[in-house]
Amino acid sequence: MKNQAKKVVAKAMREGAEEELCKISENPNTVFRIVKTMRKEGRYVNGGRCMRGSDGRLSFSEKDRGSVWKEHMERIMNEENDWDQVTDAAMLEGPLERVSGEEVVKAMRGMKTGKATGLSEVIVEMITASGEMGITVMMKLCQDVLDGRGIPDDWKLSVVVPIYKGKGDVKAVGRTEE
């Protein structure tokens with residue numbers, strides 16, 4: 001079923017491309033319209049093989065571009081946020097309360113759907129679809145963290161993929177949406 005769907009999609013894309021090529025051969029000036037549309041849609045971003053660092057200099061080698069990204073990511077990931085150190089929770093004595101199924105369900109309702117997975121490749125929709133079993137697993141995971149058994153390794157790591165916003169200098173590192 002999956003392979004058949006892939007074949008149908010590939011065929012439709014081929015037919016669409018052939019139709020576009022016919023239009024271009026009939027009127028060569030349509031190439032400029034297509035390129036302009038691609039630029040507006042952000043499919044065509046010509047950043048080239050260089051990158052502008054925070055000092056304004058262009059870096060061409062892969063090593064230099066890596067250094068520019070490293071510097072940028074270290075700067076944005078280590079920014080200190082203002083915090084007045086005030087919390088609304090009072091200190092409790094005695095054993096910790098158990099994580100309830102209602103708390104897990106409430107937390108999951110507050111999560112956005114349609115988001116990319118993390119390193120664990122688990123999304124909210126999967127936990128929701130698994131029903132009571134998914135809620136039970138989440139309760140156990142959260143309780144283990146609260147009981148001091150540690151945080152799962154997948155929760156400690158993250159992947160940041162910078163995406164060009166479509167504004168300003170393509171080569172400038174800070175013109176991305178992290």
message: Looking at every heavy atom in both Glu79 and Arg75, which two are closest together, and how far apart are they?
response: CG-O, 3.2 Å

query: How long is the gap from CE on Met126 to CD on Glu121, to the nearest 0.5 Å?
result: 7.5 Å

CD1 on Ile151 to NZ on Lys156, rounded to 0.5 Å: 6.5 Å

- prompt: CD1 of Ile123 to CE of Met111: how many Å apart, nearest 0.5 Å?
  reply: 12.0 Å

- request: Apply side chain to side chain contact (heavy atoms under 4.5 Å, CB included) to Met73 and Ile76, showing your working.
  value: CA-CA 5 Å; Met73 289 299 178; Ile76 65 170; 3.8 Å; yes

Separation between CD of Glu102 and CD1 of Ile135, rounded to the nearest 0.5 Å: 9.0 Å

Exam field: side chain Asp147 to backbone Arg149, donor-acceptor pair closer than 3.5 Å: no

- prompt: Which atom names give the shortest non-hydrogen contact between Val68 and Gly53, and what distance separates them?
  reply: CG1-CA, 3.8 Å

message: Nearest 0.5 Å, please: how far is NZ in Lys140 from OG1 in Thr136?
response: 11.5 Å

- request: Could you walk me through whether Glu71 and Ser54 pass the side chain to side chain contact (heavy atoms under 4.5 Å, CB included) test, one step at a time?
  value: CA-CA 9 Å; Glu71 175 191 326; Ser54 59; 2.4 Å; yes

message: If I take atom CH2 from residue Trp155 and atom CG from residue Leu119, how far apart are they, to the nearest 0.5 angstrom?
response: 13.5 Å

query: Heavy-atom count around Lys115 NZ within 6.0 Å, excluding the residue itself: above 12?
result: no

- request: Answer yes if the side chains of Asp64 and Ser67 hold a donor-acceptor pair under 3.5 Å, and no otherwise.
  value: no

Minimum-distance pair of heavy atoms, taken over all atoms of Gly150 and Val145: O-CG2, 3.6 Å

task: Go through Arg98 and Gln143 one step at a time and tell me if the side chain to side chain contact (heavy atoms under 4.5 Å, CB included) criterion holds.
output: CA-CA 7 Å; Arg98 306 300 298 167; Gln143 195 62 53; 3.1 Å; yes

